[in-house]
Amino acid sequence: MEIKDRILVVEDDKSIRNFLQTILEANHYEVLMANTGTEAYGLITSMCPDLVILDLGLPDMDGMKILYNVREWSNMPIIVVSARMYEKDKVEALDAGADDYITKPFGTSELLARVRTAIRHARSAGVNPGGGQIGSFSTGGLVIDYDKYRVYVDGQDAKLTQNEFRIIRLLAQYAGKVLTYDYIIKEIWGPNMNNDNRILRVNMANIRRKIEKNPGEPRYIFTEIGVGYRIVEPD
Ligand code: CA
């Protein structure tokens, strides 16, 4: 018998819950449902889902509370679903340990891609806890050679500086997932760096100039406005 990945959907809106259940079951996931934060917390601890899709606006509590609680003891992947349009809420959720966020209304293929990415990241993090990258990352005409510290575009060396290389390598480590400005700055420049995004923006502009045919319409690295950056998944 096939073992299915188990997804807990925490959502009080019945129509969204039904929609999620339908598409997830059609894509061979086992689905658990919770209406409230209390119900969700019970299922998270008793059923150990492989992934949680968490609505932030719940009748009995703020979904952020569940996120903070679970992160005290588990790295299970959590995708936050929110009607909130505010960028600071997305940043807060990601910095609190959400693996991704998705804003209502969302499409089926977008949701499924995020779910697959989050589950895969959780698995590979377990297999490779050091997160060290060897070999190469490739998507379209872009190749990141981890061993040689070089990035090639359509076979040509893009001549990234060391910091530019470290930024793109970090994004590639979490390909498909948005990394917040703050997270990237702390990883590249260290914890004492102030949260001034300018230095990161300058570096990113240079990276894009070197790797994108048209930096105004990037193919490889996308800006999540007010939140951070996301690199496309490898081929
Ligand atoms: Ca809600």
Side-chain angles (χ1 to χ4, degrees), residues 7-11 37 40-41 44-45 49-58 61-104 106 110-111 113-126 128-131 133 163 166-204 207 221-233:
I7 298 179
L8 171 64
V9 173
V10 187
E11 171 66 75
Y41 206 66
I44 287 169
T45 48
D50 295 290
L51 178 126
V52 179
I53 296 177
L54 177 65
D55 176 34
L56 290 183
L58 297 170
M61 65 177 79
D62 187 331
M64 285 297 294
K65 199 175 157 200
I66 297 177
L67 180 58
Y68 282 115
N69 262 319
V70 171
R71 278 295 170 265
E72 285 180 9
W73 57 274
S74 168
N75 285 323
M76 73 175 59
I78 299 177
I79 296 177
V80 164
V81 179
S82 173
R84 301 173 189 189
M85 296 302 288
Y86 298 111
E87 285 148 5
K88 71 174 178 48
D89 291 331
K90 297 174 184 171
V91 173
E92 189 191 352
L94 292 167
D95 282 340
D99 293 80
D100 211 340
Y101 68 83
I102 190 160
T103 307
K104 296 175 193 171
F106 47 83
E110 184 187 7
L111 174 84
R114 302 288 173 84
V115 165
R116 281 194 303 270
T117 300
I119 290 178
R120 192 173 58 244
H121 279 152
R123 301 257 150 86
S124 60
N128 186 12
Q133 292 148 291
N163 269 351
R166 291 172 66 215
I167 292 167
I168 200 168
R169 182 177 62 181
L170 181 66
L171 288 168
Q173 186 182 349
Y174 298 99
K177 172 179 160 135
V178 57
L179 300 184
T180 64
Y181 299 125
D182 201 28
Y183 178 82
I184 299 171
I185 289 167
K186 295 242 165 4
E187 286 290 314
I188 302 297
W189 286 279
N192 296 326
M193 187 71 184
N194 60 26
N195 294 345
D196 179 3
N197 293 345
R198 201 179 34 182
I199 184 165
L200 177 58
R201 279 207 310 274
V202 169
N203 273 269
M204 188 54 70
I207 292 171
I221 300 176
F222 299 102
T223 303
E224 305 280 330
I225 295 167
V227 180
Y229 298 107
R230 184 198 302 266
I231 197 168
V232 293
E233 300 235 18

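- Atom CZ of Arg116 sits about 9.5 Å away from atom CG of Leu111, to the nearest 0.5 Å.
- A distance of 13.5 Å separates NE2 in His121 from CG in Asn75, rounded to the nearest 0.5 Å.
- Using a 4.0 Å cut-off between charged side-chain N and carboxylate O, Glu11 and Lys104 make a salt bridge.
- Using a 4.5 Å heavy-atom threshold, the side chains of Thr117 and Tyr174 count as separate.
- Gly176 and Asp100 get closest at one heavy-atom pair: O-OD2, 4.0 Å.
- Side-chain contact between Lys90 and Ser82: absent, with no pair of heavy atoms (C-beta onward) separated by less than 4.5 Å.
- Looking at heavy atoms from C-beta onward, Val81 lies out of side-chain contact with Val9 at the 4.5 angstrom threshold.
- With rounding to the nearest 0.5 angstrom, the CG atom of Leu54 is 13.0 Å from the CD1 atom of Ile102.
- Minimum heavy-atom separation, Ala122 to Pro77: CB-CG, 3.7 Å.
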Quiz item: Should Asp95 and Arg71 be marked as a salt bridge (charged side-chain N to carboxylate O under 4.0 Å, His left out) after you check the CA-CA gap, both sets of side-chain angles, and the distance that decides it?
Solution: CA-CA 11 Å; Asp95 282 340; Arg71 278 295 170 265; over 6 Å; no
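- By the side-chain contact (heavy atoms from CB on, under 4.5 Å) test, Glu224 pairs with Tyr101, Val178, Val227, Arg230, sequence neighbours left out.
- With salt bridges taken as basic N to acidic carboxylate O contacts below 4.0 Å, none links Glu92 and Lys88.
- The two residues Leu8 and Ala40 have their closest heavy-atom pair at CD2-O, 3.9 Å.
- Here CZ of Arg169 is found 11.5 Å from CG of Leu171. Values are rounded to the nearest 0.5 Å.
- Residues Val80 and Ala98 come closest through the heavy atom pair CG2-CB, 3.8 Å.
- At a threshold of 4.5 Å between non-hydrogen side-chain atoms, the residues Val70 and Tyr41 count as touching.
- Ala96 approaches Tyr68 most closely through the heavy-atom pair CB-CE2, 3.5 Å.
- The line from CD1 of Ile207 to CD1 of Ile221 is 5.5 Å long, rounded to the nearest 0.5 Å.
- Under the side chain to side chain contact (heavy atoms under 4.5 Å, CB included) test applied with Ile78, the options Val10, Ile53, Leu67, Ile44 reduce to a single match, Leu67.
- For Ile168 against Ile231, the heavy-atom pair with the smallest separation is CG1-CD1, 4.0 Å.
- Remark: Glu187 engages no residue in a salt bridge (Lys or Arg N to Asp or Glu O under 4.0 Å) (not counting sequence neighbours).
- Contact check for Val52 versus Ile66: no side-chain heavy atoms found under the 4.5 Å cut-off.
- We find the CG-CG distance between Leu94 and Asp182 to be 11.0 Å, quoted to the nearest 0.5 Å.
- Side-chain atoms of Leu200 and Ile188, non-hydrogen and from C-beta on, never get closer than 4.5 Å to each other.
- The closest side-chain heavy-atom distance from Leu170 to Tyr229 is not below 4.5 Å.
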